[in-house]
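In what follows, a single structure is set out as structure tokens and then discussed.
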There are 2 protein chains.
Amino acid sequence: MTEARRDRRAERHAATRQEIVAAAWALARERGLGGWALRDVAEAVGMRAPSLYVYFDSKNALYDAMFGDGWRQLLERYDELDATAPVAAPRDLLRRGAAVHFEFCVEDPARFQLLFLRSVPGFEPTGETYAVARQVLERGATVLAAAGAGEPAQVDLWTALLTGLASQQISNDPGGDRWQRLVDPAVDMFLAAQPRR
Amino acid sequence: MTEARRDRRAERHAATRQEIVAAAWALARERGLGGWALRDVAEAVGMRAPSLYVYFDSKNALYDAMFGDGWRQLLERYDELDATAPVAAPRDLLRRGAAVHFEFCVEDPARFQLLFLRSVPGFEPTGETYAVARQVLERGATVLAAAGAGEPAQVDLWTALLTGLASQQISNDPGGDRWQRLVDPAVDMFLAAQPRR
DNA sequence: GTCTATAGAATGATAGAC
DNA sequence: GTCTATCATTCTATAGAC
């Protein structure tokens with residue numbers, strides 16, 4: 001087996017890429033998902049716009065990296081939840097998962113738009129980054145299955161419910177809790193409709 | 001009482017405004033909510049771009065007119081539903097209302113985005129047009145009340161459910177029926193959770 | 001890898017003639 | 001009310017020096 005030497009240049013390149021993605025997310029939070037130019041991102045990381053093309057082929061390539069990064073952030077939240085409540089009953093875990101998921105959506109509307117609403121005009125996630133999204137959904141489906149709602153239709157209903165609650169909160173009561181208060185009742189409603197196993 | 005003479009000039013002006021709004025909707029359907037310029041709308045109605053400013057003060061003013069027009073379209077759908085099933089049982093009416101509402105959302109994603117997701121960067125509906133939106137929501141709340149789910153929290157949960165189903169259908173299965181098939185089960189779930197009166 | 005310079009194109013909006 | 005002409009920006013992306 002070949003003893004691979006660390007490629008310090010590649011590491012540096014990847015670190016800069018991540019720095020750019022983080023700066024873009026910060027701008028998206030402040031000004032909206034489409035409210036910034038490559039110039040702005042460049043300035044935020046101490047560069048000029050053309051230098052970004054060393055790291056990303058286009059603005060959509062940057063959105064793609066943000067897409068993957070955003071789903072990875074959600075995966076981390078799930079990990080933290082598992083670490084906090086490792087042996088909770090399935091339905092309790094689902095309840096807490098719903099709360100975590102809702103909070104994740106609402107705390108950053110721009111991120112919610114990119115990850116769940118696909119609202120950047122010409123952007124479609126590439127296969128690689130979309131795989132991260134699928135990974136997260138499978139993780140959620142596992143929890144649902146443990147709670148007795150693992151059928152595809154049940155999973156789809158669950159995602160619609162959570163997306164709808166978050167979407168309404170963001171669009172119609174930003175900064176408030178009008179739909180947040182409905183998360184627990186919604187989970188109860190959902191669970192009551194599923195046959196217990 | 002003053003015998004008001006018809007103001008033919010005002011009528012003509014209003015008709016042209018509506019023509020422009022319709023052309024903008026057509027472009028939004030084809031290219032997305034933000035995928036067209038005032039030039040394009042002007043060309044579609046046989047004008048040059050500056051002439052539009054006789055009818056709208058800005059592009060956002062046009063979005064505002066579209067917003068009001070879109071909600072009025074939804075109101076028409078509700079009227080048609082009432083005309084078709086005037087004496088249906090409340091819960092049956094709710095079921096059919098959900099189907100109509102879902103279809104309305106999915107058949108024009110750009111309209112769904114403007115009316116329900118507020119996804120035009122700098123645009124906020126004015127008070128007058130927002131009043132139309134409230135009117136439609138009250139109409140829905142009335143039907144919900146008749147079905148035994150008229151409390152504000154129940155209405156909010158209902159809107160979240162429908163918005164979530166439509167949003168997921170549009171984002172993750174455009175042209176398909178993966179979430180459409182869940183509308184009826186979702187309504188059943190919702191109704192089962194409400195105490196019958 | 002980072003820069004300057006700039007291409008190339010699009011856009012919302014205004015001025016003023018007719 | 002409609003037009004021509006144009007302003008004033010803004011933005012992504014590329015070329016090529018260093």
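All chains are named by letter (A, B, ...) in the order of the sequence lines, taking the proteins before the strands, and each is independently numbered beginning at 1. What's counted below: heavy atoms across the whole structure, side chains too, no hydrogens, waters or symmetry copies.
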Among [options], the one nearest [X] by side-chain distance:
{"X": "V54(B)", "options": "dT2(D), dC3(C), dT12(D)", "value": "dT2(D)"}
{"X": "M47(B)", "options": "dC11(D), dC3(D), dT11(C)", "value": "dC3(D)"}
{"X": "Y53(B)", "options": "dA13(C), dC3(D), dT4(C)", "value": "dA13(C)"}
{"X": "R39(B)", "options": "dG12(C), dG1(C), dC3(D)", "value": "dG12(C)"}
{"X": "P50(B)", "options": "dG12(C), dC3(C), dA5(D)", "value": "dA5(D)"}

What integer distance in Å separates [X]:[atom1] from [N]:[atom2]?
{"X": "N60(A)", "N": "dT12(D)", "atom1": "CG", "atom2": "C1'", "answer": "11 Å"}
{"X": "R9(A)", "N": "dT2(C)", "atom1": "CZ", "atom2": "P", "answer": "12 Å"}
{"X": "D57(A)", "N": "dG1(C)", "atom1": "CG", "atom2": "C1'", "answer": "15 Å"}
{"X": "R31(B)", "N": "dA10(C)", "atom1": "CZ", "atom2": "P", "answer": "12 Å"}
{"X": "D40(B)", "N": "dA13(C)", "atom1": "CG", "atom2": "P", "answer": "14 Å"}
{"X": "K59(A)", "N": "dC11(D)", "atom1": "NZ", "atom2": "C1'", "answer": "8 Å"}
{"X": "F56(A)", "N": "dT2(C)", "atom1": "CZ", "atom2": "P", "answer": "13 Å"}

Plane angle bin for Y63(A) and F123(A) - parallel if under 30°, tilted between 30 and 60°, otherwise perpendicular: tilted

Is [X] touching bases, backbone alone, or none of the nucleic acid, heavy atoms closer than 4.0 Å?
{"X": "Y55(A)", "result": "sugar-phosphate"}
{"X": "R12(B)", "result": "nothing"}
{"X": "S58(B)", "result": "sugar-phosphate"}

Under 3.5 Å: donor-acceptor pair, side chain of R91(A), backbone of A147(A): yes

Nearest-nucleotide comparison on DNA chain C, the residue closer to the 5′ end among A49(B) and A49(A): A49(A)

Salt bridge flag under 4.0 Å for residues R178(A) and D156(B): yes

S51(B) vs dC3(D): side-chain N/O to OP1/OP2 distance below 4.0 Å: yes

Donor + acceptor pair across side chains of D69(A), W25(A) (<3.5 Å): yes

R111(A) to F104(A) six-membered ring, cation-pi geometry met (6.0 Å, 45°): yes

